[in-house]
Structure formats: structure tokens, C-alpha cells
Amino acid sequence: DSNSMWGGRFADGPSSIMREINASIPFDKKLWQQDIRASLAHVAMLAECQIIEAEDATRIIRGLNQIAEEFGAGEIAEDLDLEDIHMHVEARLTEIIGPVAGRLHTARSRNDQVATDFRLWVRDAMDQVDAGLLALQNALLDRAEEHAESILPGFTHLQSAQPVTLGHHLMAYFEMFARDRSRFADARQRLNESPLGAAALAGTGFPIDREKTAAMLDFDRPTANSLDSVSDRDFALDYLMAATQCSLHLSRLAEELVIWASQPFGFVDLPDSYSTGSSIMPQKRNPDAAELVRGHSGRIAGAMQALVMTMKGLPLAYSKDMQDDKPPVFEAHDLLGLSIAAMTGMVQEVAFRTDRMRALAESGFATATDFADWLVREAGLPFREAHHVTGAVVAMAEEAGCGLADLELSRFQSVDERVTEAVYDVLSVDASVASRSSYGGTAPVQVRAQIVAARQKLAGE
Ligand code: ARG
């Protein structure tokens, strides 16, 4: 039999394969709340504009509210013949209130309907991510405050470079997640226009009020161009691109936790609640959650790429390819939400082994730059010459198997006689970090100032 929704001109029904490739209900049922919310706004507007009778609108509204209760209470009975969530709602509405249900679709198309529903869904998703990232930022702030003075080696090329404070290191991630939140906020602002009323692609001849539906759905205004309204998925791409960048930050923090939890580093003990054991090696305590956060970032970037490829080269206005917009967004959102939550838990609960961090910071000649700077400041050497002298002293300490601060003064003086006893003041890791008090630097006094400023910023949001 032909399709009851659009089959007026069809003699035959679709093949079973057509049914299957055509249907989006298996995934777009996630949009049911948004679909009903948008329909409630649409039907209220239709009545106010006297496009349908108030009495019919009342029946439609009752029916929609009943469907919301039904769908909220249990599973949606999926029927591939009903294609998508929009037709599932309309079909159920028809069962409940009869043919008057057919008036709901006046001055509307599934093209503006799905664009509206999906915008509402992505807007909620952005708000959820923002709340998750805020919790993660607060966790980072708490741990940074606790460890404003703890010292670990700072790396470049994963080679010991200069000592830094753990609070400073954690606050670096705070900054990344602040940028992510601003990207989502920016995308949300651009998303927040209502496509409802664009109809199939050209607008409608009915005297609708798009401002009204936009306001009812908490959009800032209606979209300006009906063709663009039904063909635009920038808001979904904006979400995925912001999600991708956010997941890159998460993956870097995850990778650092993996490295720090390894035995040669031993900088952290991951909490039991975020580790797993091995079925064969009893000593194991694996950083699986961190590894999965690292891995999920690849899948999120893949989802972004999938929608980029779907949208590439599509002519105006709507094409069915665009039905494929939802699975990558849904997948990325699930993965991102879990990743943020897991990372927040790990940051809150991880035990930092500050003794190990300090020992490693002290063993890697991490204060060599401080020595070179001292030669410039106190002995008047040009920096290039100081760099050379320092290199010779490092080689000497390496050969002797000790740190810079363990060398006797005479050894320093054998390389350059201008070195004095005062040099020992700058060779400790504590002196090194304390000296780096330039704005944004690693000195505890700066880190505490950064934390205060960050807390003020969050409180003012
Ligand atoms: N299920 C469709 C989608 O997700 C709804 C829009 C269908 N529009 C159409 N002209 N077939 O894109």
C-alpha cells in the first residue's frame, strides 16, 4: 500500500529496502521532546493568527501533551513506514484526536520542522557541555589551589626543561576549557534563530507570525531567508567543531595522566574508581578511563568530519543527505559528555605524588637556565656565553652523576672564575619557580593570583 502521509500520488508502497534506507526513526526519536515543543508553539501561533479554529488548536494541544506523557513514560513504538519522529508524532496524534490532527501541519513542512527540532536539541546539548566544563574548571581550580607550590619538572619535547608548579600546570588546562566554553557560547548565539515558518523552502502563503513562534521557543529572532533556513546545518557543524577542539584538550590532559601514572614517572596514583586491573597481571592498575578519553577524541573528530563531508557540495535547499546530520552529533555529544565527566572525576580524585615530582625536577638539570641567567645578571656575561659556560657545567655534573647544586664551588670556577658562592641561591627548584613571577608565570605568587582572577571570572558569569 502507498504511504498514508505522502502517498496520495503513489500506487505502490516502498520496497523493504527503501523503507529501511529512508527511515530515521531509529535515531531521530531522540528529538521527540523538541518536536512536540515546536509543534505546541506552531499550533498556538496558527490559532492566534486565525489560520485554524481555536477549538481545533485546543484538541491538538491536548493530544500533543498526551503524546509527551506517553513518550516520556516508555518506548516509542517504532514503525519504519512512519519514517521519522515527526510522522510518528503526527500519526499518534491522529490516533488520539482523529483527522483534525491533520491541521497541525498547516503552513509547515518537515524541512523547517526538523531544522527547528534539531536546533533546539543542539542548543540543549551546548548548555549541557557548558555545565560539564564549568564543573571541570572548578575541579581544576581546587586542585591548583591545593598545589600552588608543589614543584614538578616542566617539559618541552617531553625533556626536562624548567621546574614549574603543579598549580600552574593545572591552570593551563583551565584556560583551554575557558576557550572551549567561549566557543560553545559563541556558537549558541549564532544558532539561536528560529527556522520555523520557512516551510518547505520558499516560505508560506498563510499569514503566520514567525516572531511569535521564535519567542515561544526562546529563539532571539526568526531566520531571515527561508532557503537558508532549511538547508543550513552550520549550527550542528559549529557544535561538532567546538566539541572536537574541546576533546583535543581533554585528550592532552588524558595523555598526561597516562604518562604520569606510568611507573617510570610515578607522578600520580589514579583513584581505584577510575582504574582497572588486568585479568592476568595482578600488579596492574591501568588508566583505562584516561585512555578512553584520549581515544574518544578521535571518534569526536571523526563525527565532525562525517558531517563536513555530508554537507559538502549540497545544492539548496533540502536534500535527504541531510538526514544523516543527526547520528554524528548524537554520537559526539554522548562521547564528549562522558569524557568531560570522567575527566572531572579523575581531576578531583587523583593523588599527586609531589615527592616524586620534586625528585625528578631536581634530577634533570632543570635549573640550568637559572644558572645561565645568574651569569648574565651577576657576572655580566652575554647570554650566549653564559649558555656555553652552563653547558660545560651541566656536562661536568652529568659526568659526576650529581645535580648542579651538588657541585663544589671550585668545580664551577674551573669553568668560569667569575662564579661565586651566591650562585647556590638560584640552583634550587624552589628558587627557580619563585623567581618566575612575571605575569602568567609559574611562581606560586602568580599562580595564586591567576586562581583568584579565575574564581572571580566564574563568579561573575
Ligand atoms: N527525517 C528527515 C530529516 O531528518 C526530516 C525531513 C524530511 N524532509 C523531506 N523533505 N523528506 O531530515
Side-chain angles (χ1 to χ4, degrees), residues 2-10 13-15 17-39 41-42 67 71 76-94 102 104-125 191 194-204 213 217 223 225-237 239-240 303 306-333:
S2 68
N3 187 290
S4 66
M5 290 290 167
W6 42 251
R9 64 163 292 182
F10 286 72
S15 78
I17 294 186
M18 179 59 202
R19 263 190 197 94
E20 196 172 333
I21 195 173
N22 201 32
S24 54
I25 187 64
F27 52 85
D28 69 15
K29 60 187 171 189
K30 256 187 200 283
L31 298 176
W32 71 266
Q33 279 170 301
Q34 289 75 17
D35 194 70
I36 292 173
R37 183 176 174 201
S39 285
H42 184 65
I67 296 172
F71 285 6
I76 298 170
E78 284 178 40
D79 177 354
L80 293 192
D81 280 327
L82 290 175
E83 287 185 33
D84 56 26
I85 187 62
H86 323 295
M87 307 236 279
H88 276 70
V89 172
E90 190 176 328
R92 183 69 192 123
L93 188 64
T94 308
L104 170 60
H105 213 52
T106 313
R108 186 178 77 171
S109 152
R110 274 188 293 158
N111 294 349
D112 60 336
Q113 196 179 354
V114 73
T116 306
D117 294 0
F118 200 26
R119 275 187 198 238
L120 291 173
W121 194 93
V122 172
R123 190 173 70 184
D124 282 349
L191 166 150
S194 171
L196 194 57
L201 75 168
T204 174
T213 45
L217 297 171
T223 50
N225 180 299
S226 63
L227 284 166
D228 180 47
S229 307
V230 297
S231 71
D232 169 41
R233 292 297 181 271
D234 285 5
F235 60 93
L237 285 167
Y239 172 86
L240 287 171
L307 187 54
V308 166
M309 294 314 294
T310 294
M311 296 309 295
K312 179 182 177 301
L314 284 187
L316 299 186
Y318 176 87
S319 298
K320 197 67 173 247
D321 316 40
M322 289 163 65
Q323 178 165 286
D324 281 344
D325 57 356
K326 287 163 227 60
V329 172
F330 292 158
E331 187 193 25
H333 185 61

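Atoms within a ligand are numbered from 1 in the order they appear, just like the ligands themselves.
Looking only at protein heavy atoms, the nearest one to atom 6 (C) of ligand 1 is Tyr318 OH, 3.5 Å. Nearest non-hydrogen protein atom to atom 4 (O) of ligand 1 is Lys326 NZ, 2.7 Å. Summary of contacts: the protein heavy atom closest to atom 8 (N) of ligand 1 is Asn111 OD1, 2.8 Å. In this structure, atom 1 (N) of ligand 1 lies nearest to the protein heavy atom Gln323 OE1, 2.8 Å.
Using a distance-only test at 3.5 Å, with no hydrogens or angles considered, no donor-acceptor pair links the side chain of Arg108 to the main chain of Leu196.
A salt bridge does not link Arg92 to Asp79: none of the charged nitrogens lies less than 4.0 Å from a carboxylate oxygen.
Tested against Tyr239 for a side chain to side chain contact (heavy atoms under 4.5 Å, CB included), the candidates Leu307, Asp234, Val122 yield a single pass: Val122.
Atom CG of Leu316 has more than 12 neighbouring heavy atoms from other residues, nucleotides or ligands inside a 6.0 Å radius. The environment of CD in Glu78 is crowded: more than 12 heavy-atom neighbours from other residues, nucleotides or ligands sit within 6.0 Å.
Contact annotation: for Gln113 versus ligand 1, there are no heavy atoms closer than 4.0 Å.
With rounding to the nearest 0.5 Å, the separation of CG in Asp35 from NE2 in His86 is 5.5 Å.
With distances taken over non-hydrogen atoms, the option nearest atom 5 (C) of ligand 1 out of Asp84, Asp321, Asp324, Asp325 is Asp84.
Checked by distance only, ligand 1 and Arg233 stay at 3.5 Å or farther apart across all their nitrogen or oxygen atoms. Here's the thing with Ser24: one of its N/O atoms is less than 3.5 angstrom from an N/O atom of ligand 1.
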